[in-house]
Amino acid sequence: QMPRTQSNATLLIAKKGDTAEAARLFQEADQLYRDGSRTGNAIPLLQAVELWKQALSIYESAGVVKEQANTLLATGRAYMLLGKEEDALDHFTRALPLSREVGDRTTEALTLNNIGLAHSALGDLENAIAYYQQSLPLSQEVGNRSGVATTLNNISDVYAVLGEEERTLDYLNQVLPLTREMGDLIGTARTLGSLATLSQTHGNFPDALLHINDAIAVIEDLGNNIRPGELSTPYLTTVQDYYPLQQDILAQSEQPPESL
């Protein structure tokens, strides 16, 4: 009979081998996720989900908590892009206690933000804001400026849907300096686009025009430095949206005021 110590050592080697395979599966899935999110193609996203499921099973067997949290979070994000918000919420909710268990504040903040996104997509705006408000101080605490900017932007989106324009403006004005500081050109352009739309809604066409012109300048600057094969769906969507918005604002700003 094999001595217990040797048996334990053999199990440990087997576990390490398993987690190495799980890490390989995770990386392969991550590349598929990137391809799918860049192109908007569902097939690589579905393939990524299947590989992450395999990786998760291995991590669960090995009792590796941090990797379980990361894998559940990644799978949830793929489900969000696939429009399966209920599945996404389930995975995010399972990831949250695991990230807390290992004290990973960055992943906890990211998970809370994604739970907020899932609630928002499902129309539960009250819960969305509640989760964003939990995520924000954690991202601030760990110095994750990108996480802070993303969460502030998500909160502004919810307030925009609720028609609370002052709060929307307040959060957008907090996002803009952060995206500029980080050199996040798409984030900066999107925020300027949101500010343009908000100003347009208020009939403040000079500010709307200023913001949309700035947004387009940022996007064109970005486009000049991207090779055609690297053009992402978010970039192309932003470009497609902003030129018509600029024309719309120009047309409205040139209209004479309605006579009483």
Side-chain angles (χ1 to χ4, degrees), residues 2-39 41-122 127-128 131-132 134-139 141-144 146-148 150-151 154:
M2 186 181 288
R4 183 174 293 278
T5 52
Q6 190 177 347
S7 176
N8 286 346
T10 305
L11 282 170
L12 186 61
I13 290 166
K15 268 189 181 180
K16 282 186 176 175
D18 284 345
T19 53
E21 171 62 8
R24 186 195 67 75
L25 288 166
F26 188 99
Q27 291 305 319
E28 188 180 338
D30 191 55
Q31 187 55 57
L32 286 163
Y33 171 83
R34 290 171 190 273
D35 292 345
S37 60
R38 181 174 56 83
T39 61
N41 186 348
I43 293 171
L45 293 173
L46 290 166
Q47 291 170 336
V49 166
E50 288 310 309
L51 290 177
W52 273 323
K53 282 181 180 176
Q54 292 175 44
L56 179 63
S57 180
I58 295 169
Y59 285 138
E60 285 174 340
S61 297
V64 191
V65 177
K66 183 180 174 71
E67 282 75 7
Q68 288 177 52
N70 289 336
T71 307
L72 285 163
L73 178 59
T75 310
R77 291 170 70 183
Y79 275 130
M80 284 294 288
L81 287 180
L82 288 164
K84 298 185 175 184
E85 291 88 1
E86 292 281 5
D87 288 328
L89 184 57
D90 172 60
H91 282 73
F92 296 146
T93 305
R94 287 161 60 194
L96 186 58
L98 296 173
S99 64
R100 284 174 171 162
E101 185 180 328
V102 294
D104 184 348
R105 307 287 268 176
T106 301
T107 303
E108 182 184 349
L110 189 57
T111 305
L112 286 163
N113 181 70
N114 278 283
I115 291 174
L117 277 174
H119 278 297
S120 182
L122 290 164
N127 260 322
Y131 279 100
Y132 292 147
Q134 290 180 63
S135 173
L136 187 58
L138 289 176
S139 288
E141 180 188 314
V142 297
N144 181 359
S146 175
V148 171
T150 299
T151 305
N154 290 342

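These numbers come from a predicted model, not from an experiment.
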With a 4.5 Å cut-off on side-chain heavy atoms, are [Y] and [X] touching?
X: E50; Y: Q47; answer: no
X: L72; Y: F92; answer: no
X: N41; Y: D35; answer: no
X: E67; Y: T19; answer: no
X: R100; Y: L96; answer: yes
X: T111; Y: I115; answer: yes

Spatial distance of atom [atom1] ([X]) from atom [atom2] ([Y]) [nearest 0.5 Å]:
X: F26; Y: N70; atom1: CZ; atom2: CG; answer: 5.5 Å
X: Q54; Y: T71; atom1: CD; atom2: OG1; answer: 12.0 Å
X: K84; Y: H91; atom1: NZ; atom2: NE2; answer: 10.5 Å
X: N127; Y: Y132; atom1: CG; atom2: OH; answer: 11.0 Å
X: S37; Y: L32; atom1: OG; atom2: CG; answer: 10.5 Å
X: L82; Y: I43; atom1: CG; atom2: CD1; answer: 11.0 Å

Over 12 foreign heavy atoms within 6.0 Å of CZ, R24: yes
If you compare all heavy atoms of [X] against all heavy atoms of [Y], which two are closest, and at what distance to 0.1 Å?
X: Y79; Y: V49; answer: OH-CG1, 3.5 Å
X: G116; Y: A128; answer: O-CB, 3.3 Å
X: A69; Y: L98; answer: CB-CB, 3.8 Å
X: E108; Y: S99; answer: CA-OG, 3.5 Å
X: A48; Y: A29; answer: CB-O, 3.4 Å
X: G36; Y: P44; answer: CA-CG, 3.7 Å

Donor-acceptor pair, distance only, cut-off 3.5 Å: does the side chain of Q68 make one with the backbone of V64? yes
Backbone N or O of V148 within a donor-acceptor pair of the T151 side chain at under 3.5 Å?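 Not a single qualifying donor-acceptor pair exists.
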Apply side-chain contact (heavy atoms from CB on, under 4.5 Å) to residues L25 and E21 and explain how you reach the verdict. CA-CA 6 Å; L25 288 166; E21 171 62 8; 3.9 Å; yes
Regarding N144 and T106, do their side chains bring together a donor and an acceptor under 3.5 Å, going by distance alone? no
Could you walk me through whether N113 and Y131 pass the side-chain contact (heavy atoms from CB on, under 4.5 Å) check? CA-CA 6 Å; N113 181 70; Y131 279 100; over 6 Å; no
Walk me through it: do T75 and L56 pass the test side-chain contact (heavy atoms from CB on, under 4.5 Å)? CA-CA 10 Å; T75 310; L56 179 63; 6.0 Å; no
May I have the step-by-step check of side-chain contact (heavy atoms from CB on, under 4.5 Å) for T150 and N154, ending in yes or no? CA-CA 6 Å; T150 299; N154 290 342; 3.8 Å; yes
Would you call the rings of W52 and Y33 parallel, tilted or perpendicular, where under 30° means parallel and over 60° means perpendicular?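 If you compare the ring of W52 with that of Y33, the planes turn out tilted.
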